[in-house]
Enquirer: 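Have a look at this one.
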Amino acid sequence: QVQLTESGGGSVQAGGSLRLSCAHSSHIDSRAFMTWFRQAPGKEREAVAGIRDSVEKLYVDSVKGRFSISQDNNRNAVYLEMNSLKPEDTAIYYCAAGALYRKKWELAREYIYWGQGAQVTVSS
């Protein structure tokens with residue numbers, strides 16, 4: 001059983017930056033995506049950025065150029081650097097692991113392991 005723990009959430013003003021961290025309790029198969037999802041009140045959970053084997057990185061259009069995902073296998077951690085934050089980025093951010101197929105990386109049902117979430121609030 002892999003445990004995922006997010007940290008680094010908080011409140012910032014629009015245009016600010018935050019860095020989220022996801023620590024995982026054991027090694028994640030290099031074939032599997034580790035992905036950040038977010039869920040705003042009243043909205044569906046959506047993928048934000050995914051990474052596989054430290055080099056394959058995918059982003060949804062709404063965060064391209066602003067968010068950056070990275071992975072440190074020595075520390076069993078994945079990070080999400082968020083810059084130029086907007087009020088619409090406000091959500092609970094979740095770390096997830098387990099999706100194996102690139103075409104399905106955005107689908108929450110493809111992920112086996114989930115963290116508890118970290119709140120990110122961006123004020124205008």
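Computed from a predicted model, the values in this text were never measured in an experiment.
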Enquirer: Output every pair passing salt bridge (Lys or Arg N to Asp or Glu O under 4.0 Å) with a member in residues 95-108, not counting sequence neighbours, ordered by first then second residue.
Expert: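 The answer is E56-R102.
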
Enquirer: So, using ring-ring contact (aromatic ring centres under 6.0 Å, His included) as the criterion, who are the partners of Y111 when residues are at least two apart?
Expert: F37

Enquirer: Within a strict 4.5 Å, meaning less than it, do heavy atoms of the T35 and I51 side chains meet?
Expert: no

Enquirer: Hey, are the side chains of V55 and K57 touching, using non-hydrogen atoms and a 4.5 Å cut-off?
Expert: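 In short, these two side chains do not touch, never coming nearer than 4.5 Å.
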
Enquirer: Indicate the atoms forming the closest heavy-atom contact of A91 with R38, along with that distance.
Expert: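 Shortest heavy-atom separation between A91 and R38 comes out as CB-CB, 3.8 Å.
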
Enquirer: Quick one: do L85 and Y79 end up in the same hydrophobic cluster if we chain Ile, Leu, Val, Met, Phe, Trp and Tyr together by side-chain heavy atoms under 4.5 Å apart?
Expert: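 No; Y79 is not reachable from L85 via cluster members.
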
Enquirer: Going hydrophobic residue to hydrophobic residue with side-chain gaps under 4.5 angstrom, can you get from I92 over to F67?
Expert: yes

Enquirer: Between R52 and W105, is NZ or CZ placed under 6.0 angstrom from the six-membered ring centre and within 45° of the ring axis?
Expert: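 No.
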
Enquirer: So, the side chain of S25 versus the backbone of Q3: is there a donor-acceptor pair under 3.5 Å, distance only?
Expert: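 Yes; judged by distance alone, with no hydrogens or angles, the pair exists.
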
Enquirer: Cluster partners of L100, using ILVMFWY side-chain heavy atoms under 4.5 angstrom, listed by chain and number?
Expert: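 Direct or chained contacts put L100 with Y101.
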
Enquirer: Are Y59 and I69 packed together at the side-chain level, in the sense that at least one heavy-atom pair is separated by less than 4.5 angstrom?
Expert: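 In short, these two side chains touch, coming nearer than 4.5 Å.
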
Enquirer: More than 12 foreign heavy atoms under 6.0 Å from CD of Q116: is that the case here?
Expert: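 At most 12 heavy atoms, drawn from other residues, nucleotides or ligands, come within 6.0 Å of this atom.
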
Enquirer: Between atom CG of L107 and atom CD of E46, what is the distance when rounded to the nearest 0.5 Å?
Expert: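 Between L107 CG and E46 CD, I get 13.0 Å after rounding to 0.5 Å.
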
Enquirer: If every non-hydrogen atom of N83 is compared with every non-hydrogen atom of S17, which pair is closest and at what distance?
Expert: OD1-OG, 2.8 Å

Enquirer: Hydrogens and angles aside, do N73 and S54 bring a side-chain donor and acceptor to less than 3.5 Å of each other?
Expert: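 Indeed, the side chains of N73 and S54 share at least one donor-acceptor pair under 3.5 Å.
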
Enquirer: Look at the side chain of S124 and the backbone N and O of P87, then say whether any donor-acceptor pair between them is shorter than 3.5 Å.
Expert: no

Enquirer: Do L80 and Y93 come within less than 4.5 Å of each other through their side chains, counting heavy atoms only?
Expert: yes

Enquirer: Measuring from W114:CH2 to C22:SG, what's the distance to the nearest 0.5 Å?
Expert: 11.0 Å

Enquirer: Given the rule in the side-chain contact (heavy atoms from CB on, under 4.5 Å) test, do Q119 and T121 qualify, once you have shown the distances and angles that lead to the verdict?
Expert: CA-CA 6 Å; Q119 177 70 48; T121 303; 3.3 Å; yes

Enquirer: Considering all heavy atoms of both residues, which atom of L18 and which atom of G10 are nearest to each other, and what is their separation?
Expert: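 Of all heavy-atom pairs spanning L18 and G10, the closest is CD1-O, 3.8 Å.
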
Enquirer: Measure from NZ or CZ of R45 to the centre of the six-membered ring of Y94, then state whether that distance is under 6.0 Å and the direction lies within 45° of the axis.
Expert: yes

Enquirer: Counting only heavy atoms not in Q13, do more than 12 fall under 6.0 Å of its CD?
Expert: no

Enquirer: Taking E6 for the side chain and G117 for the main chain, is one N or O donor matched with an acceptor at less than 3.5 Å?
Expert: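 Side chain of E6 to backbone of G117, a donor-acceptor pair under 3.5 Å: yes, one is there.
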
Enquirer: Quick one: closest heavy-atom pair of A118 and L20, and the distance?
Expert: CB-CD2, 4.5 Å

Enquirer: When you compare the side chain of M82 with that of V120, does any pair of heavy atoms fall below 4.5 Å?
Expert: yes

Enquirer: Measure the spacing between OG of S123 and NZ of K86 and express it to the nearest 0.5 Å.
Expert: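 Nearest 0.5 Å value for the OG-NZ distance: 15.5 Å.
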
Enquirer: Is there side-chain contact between C95 and W36, with at least one heavy-atom pair below 4.5 Å?
Expert: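 Of all side-chain heavy-atom pairs linking W36 with C95, at least one is under 4.5 Å.
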
Enquirer: Could you go through R66 and D89, starting from their C-alpha distance and side-chain angles, then the distance that decides it, and tell me whether this counts as salt bridge (Lys or Arg N to Asp or Glu O under 4.0 Å)?
Expert: CA-CA 11 Å; R66 300 190 299 123; D89 294 318; 2.8 Å; yes

